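These notes concern the structure reproduced below.
The structure displayed is predicted, hence computed values, not measured ones. Start at 1 and go down the list; that is how both ligands and their atoms are numbered.
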Amino acid sequence: MGKEVILVTGSNGQIGTVLSEALREIHGIANVISSDITVPRSTIIGYFEKLDVLDAKRLNEIIQKYRVTQIYHLAALLSATGEKNPQLAWKVNMDGLFNILEAARANGITKIFHPSSIAVFGGNTPKQNTAQSTILEPETMYGITKKAGEDLGNYYFYKYGLDVRGIRYPGLISYQSMPGGGTTDYAVDIFHKAVAGEHFESFLKEGTRLPMMYMSDAIKGTIELMEAPVEKLSHHYAYNLGAMSFAPEEIAAEIQKHIPEFTISYKPDFRQQIAESWIENMDDSCARNDWGWNPKYDLTSMTDDMISNLRKLQKNKNYDETRFL
Ligand code: NAD
Ligand code: AKB
């Protein structure tokens, strides 16, 4: 692998915070440029540029300044935020992606990572063991932009030879960073409440099963996909990637094994309808066969790890100030 210089957009988000660190460990501190429309909450050891992905001029300037060779494009509005402002979600998710793809083309960038989501599926999609190629009729603006983003990435691969790769991430669970306005956010929030000794009110009903994944598996899968030889990839848009699937009462029961006094109640809101349009679990055999995908964490091992890491963070005096910002 030659020297790569990587630009990460949306780097202050749930994934970007963790992925930027992982990329710095692989490629070196000087070769990863984090960027976001907001300033980072904590100090970053490495480069950071303030960047709105809708500003194509500044995007091109940053790419040229650092001689960027790869982009991990994470800047987006997620499902719940997107339903509150669908026009902005379309603009950021579609115009932002278009600017990235065009800037890549103009500056000779070789590889792009652009994540998709389980939000590409809709109510008519089979919910169990959902196939890689299936009915894609998303019911949220977020899902519509993710589906169009998959198609656009595929188009740039075949039309311009730009190596665009992607994953249909399930809901991601992390202790290092907070989620940014999705339907699966409850599965992170529940851990913070449990470890703080608080009651948890779930905005999804009992029985709402969704595909989920621990962040360390998501990072592993992302890096493995980006390092896989292009000739091994049968899909140039977004791979189904599975790890676990659970409903709110199942994760609560797992937490109660560590914190028996933990309690949960249910007060579904608009996110219930979004969750009901998604699938329960997916067939990820393409990812397993093409580039060896194999997740490490299930619900039990993830819960152990989340609780033990959150307890360590709780001892840090700044923890309560940074929660839920
Ligand atoms: P997030 O909401 O936590 O972070 C997104 C970041 O984008 C934020 O830091 C925000 O400030 C930034 N941003 C928003 N508008 C911007 C703009 N105009 N210019 C530059 N930055 C801007 O999201 P995330 O969970 O880290 O998700 C990253 C990507 O992964 C998204 O494409 C998302 O659709 C996808 N994804 C995430 C999950 C998940 O569970 N976290 C699941 C499926 C797919
Ligand atoms: C969301 O809930 O919007 C995201 C996702 C699954 O894409 N976490």
Ligand 2 and Trp278, any nitrogen or oxygen pair closer than 3.5 angstrom? no
May I ask you to check if ligand 2 and Asp185 share an N or O to N or O distance below 3.5 Å? no
Salt bridge [X]-[Y], side-chain N to carboxylate O under 4.0 Å:
X	Y	answer
Glu61	Lys65	no
Glu137	Lys147	no
Arg58	Glu49	yes
Arg165	Asp163	yes
Glu150	Lys146	no

Are Tyr175 and Phe191 an aromatic pair, judged by ring center distance below 6.0 Å? no
Give a yes or no on whether the ring-centroid distance for Trp291 and Tyr239 is below 6.0 angstrom. yes
Following the transitive rule for hydrophobic clusters with a side-chain heavy-atom cut-off under 4.5 Å over Ile, Leu, Val, Met, Phe, Trp and Tyr, establish whether [X] and [Y] coincide in one cluster.
X	Y	value
Phe157	Tyr72	no
Leu162	Met226	no
Tyr237	Ile135	no

Tell me which one of Glu249, Glu250, Glu276 satisfies salt bridge (Lys or Arg N to Asp or Glu O under 4.0 Å) with Arg209. Glu250
Looking only at non-hydrogen atoms, which of Thr184, Asn12, Val92 approaches atom 15 (N) of ligand 1 most closely? Val92
Closest protein heavy atom to [atom], given as residue, atom name and distance to 0.1 Å:
atom	answer
atom 4 (O) of ligand 1	Gly13 CA, 3.2 Å
atom 16 (C) of ligand 1	Ile37 CG2, 3.7 Å
atom 8 (N) of ligand 2	Thr184 OG1, 2.8 Å
atom 5 (C) of ligand 2	Ser117 OG, 3.5 Å
atom 19 (N) of ligand 1	Val53 N, 2.9 Å
atom 3 (O) of ligand 2	Ser79 OG, 2.5 Å
atom 18 (N) of ligand 1	Asp52 OD1, 2.9 Å
atom 2 (O) of ligand 2	Thr183 N, 2.6 Å
atom 4 (C) of ligand 2	Leu78 CD2, 3.8 Å

If you look at every heavy atom in Gly96 and Leu54, which pair is closest and at what distance? N-CD2, 3.7 Å
Determine, using heavy atoms of Lys146 and all atoms of ligand 1, whether some pair is separated by less than 4.0 Å. yes
Asp36 near ligand 1 by a heavy-atom separation under 4.0 Å: yes
[X] heavy atoms, cut-off 4.0 Å: which ligand 1 atoms fall inside?
X	answer
Leu51	19 (N), 20 (C)
Leu74	28 (C), 29 (C), 31 (C), 32 (O)
Gly180	2 (O), 3 (O)

Backbone, side chain, both or neither: what part of [X] comes under 4.0 angstrom of ligand 1, heavy atoms only?
X	answer
Ser116	backbone
Pro170	backbone
Leu78	side chain

Considering residues, nucleotides and ligands other than Lys111, do more than 12 of their heavy atoms fall under 6.0 Å from its NZ? yes
Give a yes or no on this: more than 12 heavy atoms of other residues, nucleotides or ligands lie within 6.0 Å of atom CZ of Arg105. yes
Any nitrogen or oxygen of [X], side chain or backbone, less than 3.5 Å from one on ligand 1?
X	result
Tyr142	yes
Met178	no
Leu54	no
Gly171	no
Gln14	yes
Ile15	yes

Which of the atoms of ligand 2 are close to Gly182, meaning less than 4.0 Å from one of its heavy atoms? 1 (C), 2 (O), 3 (O)
Can the positive tip of Arg271 be found less than 6.0 Å from the middle of the six-membered ring of Phe203, inside 45° of the ring normal? yes
